[in-house]
Amino acid sequence: MQIFPKSLNLLPLVAALGVAVGGGIATFVVVYYFSPRFLYVGYEPEQPVPYSHRLHAGQLGMDCRYCHANVERSFEAMVPPTQTCMGCHAQIRTESARLQPVRDSWTSGEPVEWVRIHNVPDHVFFDHSVHLSAGVGCATCHGRVDRMEVVAQAEPLSMSWCLDCHRDPEPYLRPTSRITDMDWTPEDATEAERTEMVALLDRATPPENCSGCHR
Amino acid sequence: MSRSLIAAVLAIAGASSLAACQGQHSSEPPIVPIRNMHEQPRYDAQEAATYFTDGRAMRPIVEHTVAQEMEIDPILEDGVDENLDYAPTIPDEVVAGFDGMEALLARGQTRFDIYCVPCHGALGDGEGMVPEVSNVATIRPPTFHDDRIRHMPDGQLYATIRNGLRNMPAYGHVVPVRDRWAIVGYVRALQLSQMDGQ
């Protein structure tokens with residue numbers, strides 16, 4: 001007895017092909033589009049003040065720690081308080097409309113409401129000071145901030161990204177005197193710096209167990 | 001028919017993946033597909049807080065109190081003794097804390113490069129980038145290499161860093177006590193090095 005017409009003989013093949021291709025596309029879509037690398041990288045919110053790292057850190061050559069002063073001492077790098085800006089801007093560009101929110105904050109005592117860019121979920125523990133004293137530079141995790149007019153997230157900050165380094169930190173370490181140096185590459189290392197990097201690598205014990213980061 | 005359908009699907013997928021590449025810049029907050037425990041009921045540093053009337057999670061220091069890490073000794077913290085005379089030299093306990101003068105100077109150099117060079121320049125001659133780029137006369141500092149500043153007590157240099165001076169901003173809120181003394185040591189070393197050159 002023939003229930004299905006003969007023309008349906010190809011159905012299993014087409015269905016199998018469809019599942020394979022459709023599944024492939026679905027996998028691709030999830031892996032590519034739902035990944036932190038796609039979703040998080042490039043986030044550059046509009047800030048209340050058009051503050052430029054390219055001018056301050058790049059052209060003026062200011063060290064990151066002039067403003068992010070806590071970064072070597074605490075787990076948060078922190079955005080600088082208004083007082084830090086007013087140290088210079090009480091005298092420089094005092095009429096500039098772009099700096100109005102900073103001056104308002106100075107007179108009123110209310111903070112400037114900067115929009116946070118880099119943010120790991122609350123269930124992840126991240127500590128800046130540990131990474132800096134271990135010899136990981138700002139540029140490794142934040143990209144060339146000194147060339148950014150507006151800060152954009154450069155790295156995914158995903159679990160696999162953290163682990164890629166924790167499993168093999170060697171290529172990412174640099175001498176601790178170079179952590180805020182944006183141009184530095186391993187080829188620039190002097191003999192003394194190479195010895196220091198070997199010592200740093202010996203000492204580094206980045207956690208790979210879950211409770212190291214999810215505490 | 002089904003073959004052209006598959007081709008169409010592939011073409012659309014290919015085109016859209018080319019159109020939306022990774023790392024594109026956007027000012028929209030990132031979409032997070034799974035948000036389990038991303039936001040836990042606690043405040044992070046510098047977060048906005050509805051609990052307090054001024055809206056900050058980080059509490060400003062309460063009036064008439066001192067922070068736990070603050071130094072009580074006026075010579076260490078303010079650079080002046082009880083009679084408000086400037087400390088003549090860097091306190092011995094600071095030097096000892098650094099394991100000697102050499103380590104203190106090395107530390108002082110790194111801190112000087114961070115906090116002072118933008119205005120005072122790497123040689124301390126007042127030729128920093130900030131006065132140069134802004135071209136504002138009041139932010140142009142004097143050179144460290146004149147006799148008045150050479151003969152200043154160390155405590156006065158220290159107090160300048162901590163409290164600022166007229167047009168110079170204060171650095172007490174960003175540079176901890178021991179680092180301020182280390183900078184004083186390095187300024188002294190800079191002055192000596194420039195004297196040799198003359």
Given side chains that start at C-beta, do those of [X] and [Y] come closer than 4.5 Å, heavy atoms only?
X: Pro111(A); Y: Arg56(B); value: yes
X: Asp113(B); Y: Asp63(A); value: no
X: Met129(B); Y: Met62(A); value: no

**Message:** For the backbone of Arg65(A) and the side chain of Tyr115(B), can you confirm whether one donor and one acceptor N or O come within less than 3.5 Å of each other?
**Reply:**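 It does hold such a pair.
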Report task. May I ask you to name which of Met58(B), Gln40(B), Glu39(B) has the most heavy-atom pairs under 4.5 Å with chain A? Result ->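 Maximum pair count with chain A is reached by Gln40(B).
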So which of Ile114(B), Thr110(B), Val136(B) has the largest heavy-atom pair count under 4.5 angstrom toward chain A?
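Among Ile114(B), Thr110(B), Val136(B), the one with the most close pairs to chain A is Ile114(B).
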Next on the checklist: Tell me whether Glu72(A) is salt-bridged to Arg111(B), with the criterion being a basic N under 4.0 Å from an acidic carboxylate O.
Outcome noted: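 Yes, this pair counts.
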inquiry  = For Asn167(B), which atoms come within 4.5 Å of any heavy atom of chain A: side chain, backbone, both, or neither?
reply    =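 Both parts, backbone and side chain.
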Checklist line | Contacting moiety of Thr138(B), where chain A heavy atoms sit under 4.5 Å | finding: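 It is both, since atoms from each part get that close.
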Chain B contact via [X] - which portion, at a heavy-atom distance below 4.5 Å:
X: Gln59(A); answer: both
X: Glu110(A); answer: both
X: Glu155(A); answer: neither
X: Thr84(A); answer: both
X: Glu76(A); answer: side chain

Q: Test side-chain contact (heavy atoms from CB on, under 4.5 Å) on Val9(B) and Ile25(A) and set out the steps.
A: CA-CA 9 Å; Val9(B) 168; Ile25(A) 291 175; 3.3 Å; yes
* May I ask you to name which of Val14(A), Val29(A), Val79(A), Val21(A) has the most heavy-atom pairs under 4.5 Å with chain B? =>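 Heavy-atom pair counts peak at Val79(A).
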Q.
Can you tell me how far apart CG (Asn119(A)) and NE2 (His38(B)) are? Round to the nearest 0.5 Å.
A.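 Result: 9.5 Å between the selected atoms.
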CD/Glu47(B) to CG/Asp122(A) distance, rounded to the nearest 0.5 angstrom?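 Glu47(B) atom CD to Asp122(A) atom CG measures 7.0 Å (nearest 0.5 Å).
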